[in-house]
Amino acid sequence: MARCVFHIDLDAFFVSVEQALDPKLKGKPVVVGGDPERRGVVASASYEARPFGVHAGMPLSRAHRLCPQATFLQANFSRYRAASARFMGILADFSPHIEPLGLDEAYLDVTGFEKPYGSPQQLALSIKDRIHEELKLTASIGIATCKVVAKIASELWKPNGLLEIAVGEERDFLGPLPIAKLPGVGRKTEEILRQMGIATIGELASLSQETIKSRLAVSGVAMHRCANAIDDRKVEAPGEPKSISQQITFARDTLDRRFLAAELSHLCEEVSDRLRSQAKQARCLTVRLRYADFETIARQITLQEATNVNQVMFFVAFQLLNKALTEKEKAIRLIGIRASSLVGKEKQLSMFDPGVERAERLDKAINQIRSKYGLTSIQRGGTIPNLG
Ligand code: TTP
Ligand code: MG
């Protein structure tokens, strides 16, 4: 039996949440991302700002030049998280088979659940109504027999869209669309395909699998299957996160070690908090640096013992930062930290005072760093040792 898969994506999500809270912003060009005088990028642009060429990922300064009359707002993540939780709650009322893909997007397998509504379209309209009534937001919904077709359909009919691709019509629907509409086809892949004379999904679909495999290896095969609307991926809640990361772009490029260390310390606090809230520990820590010229490097270490202790993470990350700073004297634009190789929290050693356990872990980490980078590379004392 054919499946009935929905892809649901909220329209201009961050902006629409702001417009719902402040109706004066409705129908106007609005950009969420931050102050256009400062560095940063557009996170979300209202549909009224898009005809001016404003889109997500563009520097705010450029968005301001293109559309100076737009209202620029700082992102307010707690608002978006709250709206997202309510959005997912509404979807879960229609089917238990839900796969969130971020804050404003989800797949829903409604096979069999459409019966009481009369048709998949009627069910989709009920979802849209509830989202509108309860959240004052609009959603676009694609309906198809598989994920990839449903996703392309929802994106094609934005905003406030509803597009159903009937069973058996998937390939005819995909055929004329440009290859860039296929998920996973980025600029590089698009260029390779263009060089092969492939501009549409239909042209990609008609290639032999061997031809595409020889140029794009395994990812080419996956794309080729999608282009032929062969997609049996289930709708299921994603597994555990593989890593937790946090990064910050500075308002000004800097080589100020004290400032960098302080920022790193904040990032470690945030990541270790998130690890602890998920009862996870990390075995691997990575510090990423992006220089003023956009060169990006990563320095990584695998710990002998997994941790989620802020102090331990900071000491380790600080050494990785120091090492990178010694290697290159270039101003830094962005710093980030990633905790990966996550494991469930070990059982608590209840006989010990947690403070003792923490100190032991710190000692272990310091010893490990010393053996790797030398005895003088790390010192106890103030939080930010030896910055000179
Ligand atoms: P999207 O669904 O890609 O974008 P959108 O909801 O703003 O607009 P659309 O109507 O085209 O769906 O992303 C959802 C939210 O994720 C978006 O509102 C803001 C955030 N986001 C970023 O922070 N940075 C980005 O580069 C993108 C693409 C999205
Ligand atoms: Mg969206």
Side-chain angles (χ1 to χ4, degrees), residues 6-22 25-36 38-64 66-67 70-88 90-91 98-108 124 127-128 131-132 135-143 147-148 150-163 177-178 180-187 238 245-249 270 290 334 336:
F6 283 16
H7 178 262
I8 306 136
D9 189 296
L10 297 173
D11 303 317
F13 177 48
F14 287 8
V15 162
S16 303
V17 170
E18 301 298 341
Q19 286 173 322
L21 289 166
D22 181 358
L25 297 172
K26 278 201 182 133
K28 302 214 172 110
V30 179
V31 170
V32 170
D35 179 352
R38 293 172 67 94
R39 212 141 63 172
V41 292
V42 173
S44 177
S46 70
Y47 278 79
E48 293 77 14
R50 295 186 194 193
F52 294 88
V54 178
H55 58 76
M58 162 185 289
L60 286 167
S61 52
R62 174 123 197 273
H64 189 248
L66 290 170
C67 188
T71 304
F72 287 81
L73 301 170
Q74 301 279 356
N76 188 329
F77 287 96
S78 55
R79 282 181 186 168
Y80 312 142
R81 271 195 292 269
S84 172
R86 292 180 64 193
F87 164 57
M88 298 298 173
I90 291 173
L91 299 186
I98 175 172
E99 179 176 335
L101 292 170
L103 289 177
D104 83 326
E105 199 183 334
Y107 288 113
L108 198 65
I127 293 179
K128 280 158 74 77
I131 292 172
H132 195 250
L135 302 174
K136 307 279 172 270
L137 301 175
T138 60
S140 296
I141 303 185
I143 307 174
K147 282 176 159 183
V148 67
K151 186 170 169 74
I152 294 173
S154 79
E155 274 164 19
L156 208 64
W157 235 245
K158 266 181 167 292
N160 204 8
L162 173 54
L163 180 60
L177 299 175
K181 293 271 179 222
L182 210 53
V185 175
R187 281 219 192 107
S245 52
Q246 192 75 34
Q247 63 183 39
I248 181 166
T249 303
E270 283 180 37
R290 179 166 298 147
L334 169 153

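The analysis underlying the following values was restricted to heavy atoms, covering all of them including side chains, and did not include hydrogens, waters or symmetry mates. Both ligands and their constituent atoms are indexed starting at 1 by order of listing.
For the Mg ion (ligand 2), the N/O/S atoms of Glu105 include none lying under 2.8 Å. Residue Phe13 does not count as close to the Mg ion (ligand 2), with no N, O or S atom under 2.8 Å. Taking backbone and side-chain atoms together, Asp9 has an N/O/S atom less than 2.8 Å away from the Mg ion (ligand 2).
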Run the side chain to side chain contact (heavy atoms under 4.5 Å, CB included) check on Leu101 and Glu99 step by step: do they pass?
-> CA-CA 6 Å; Leu101 292 170; Glu99 179 176 335; 4.0 Å; yes
Verify side chain to side chain contact (heavy atoms under 4.5 Å, CB included) between Phe87 and Ile8, making sure each step is shown before the conclusion.
-> CA-CA 10 Å; Phe87 164 57; Ile8 306 136; 3.8 Å; yes
Does the side chain to side chain contact (heavy atoms under 4.5 Å, CB included) test come out yes or no for Ile127 and Leu108, once each step is laid out?
-> CA-CA 11 Å; Ile127 293 179; Leu108 198 65; 3.9 Å; yes
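Heavy atoms of Leu10 found under 4.0 angstrom from ligand 1 belong exclusively to the backbone. Contacts of Glu155 with ligand 1, taken as heavy-atom pairs under 4.0 Å, are absent altogether.
Atom 4 (O) of ligand 1 has Asp104 OD2, 4.6 Å as its closest protein atom, hydrogens excluded (heavy atom only). Of all protein heavy atoms, the one closest to atom 11 (O) of ligand 1 is Arg50 NH1, 3.1 Å. Looking only at heavy atoms of the protein, atom 7 (O) of ligand 1 is closest to Ser44 OG, 2.8 Å. At the shortest separation from atom 18 (O) of ligand 1 among protein heavy atoms lies Phe14 N, 3.0 Å.
For Ser46 (side chain) and Lys28 (main-chain N/O), a donor-acceptor pair under 3.5 Å exists by modelled atom type. Side chain of Lys158 to backbone of Leu10: a donor-acceptor contact under 3.5 angstrom is found.
Nearest to the Mg ion (ligand 2), among the N, O or S atoms that Asp104 has, is OD2.
A heavy-atom separation below 4.0 Å is not found between Glu105 and ligand 1.
Near Asp9, meaning under 4.0 Å from one of its heavy atoms, ligand 1 places the atoms 2 (O), 12 (O).
When all heavy atoms are compared, the tightest approach of Glu48 to Pro29 is CB-N, 3.6 Å. Of all heavy-atom pairs spanning Leu25 and Glu18, the tightest one is CD1-O, 4.0 Å. The minimum heavy-atom distance linking Ala124 with Ile141 is given by the pair O-CD1, 3.6 Å.
Which of Gly102, Pro159, Gly57, Ala43 comes nearest to atom 27 (C) of ligand 1 through a heavy atom is settled by distance: it is Ala43. When Ala56, Ser84, Ala12, Ala139 are ranked by how near their heavy atoms come to atom 28 (C) of ligand 1, first place goes to Ala56. Of the listed options Tyr80, Phe13, Tyr47, Tyr47 places a heavy atom closest to atom 9 (P) of ligand 1.
The neighbour count for Lys181 NZ, taken as heavy atoms of other residues, nucleotides or ligands under 6.0 Å away, does not exceed 12.
Using cut-offs of 30° and 60° on the angle between ring planes, the pair Phe14 and Tyr80 is parallel.
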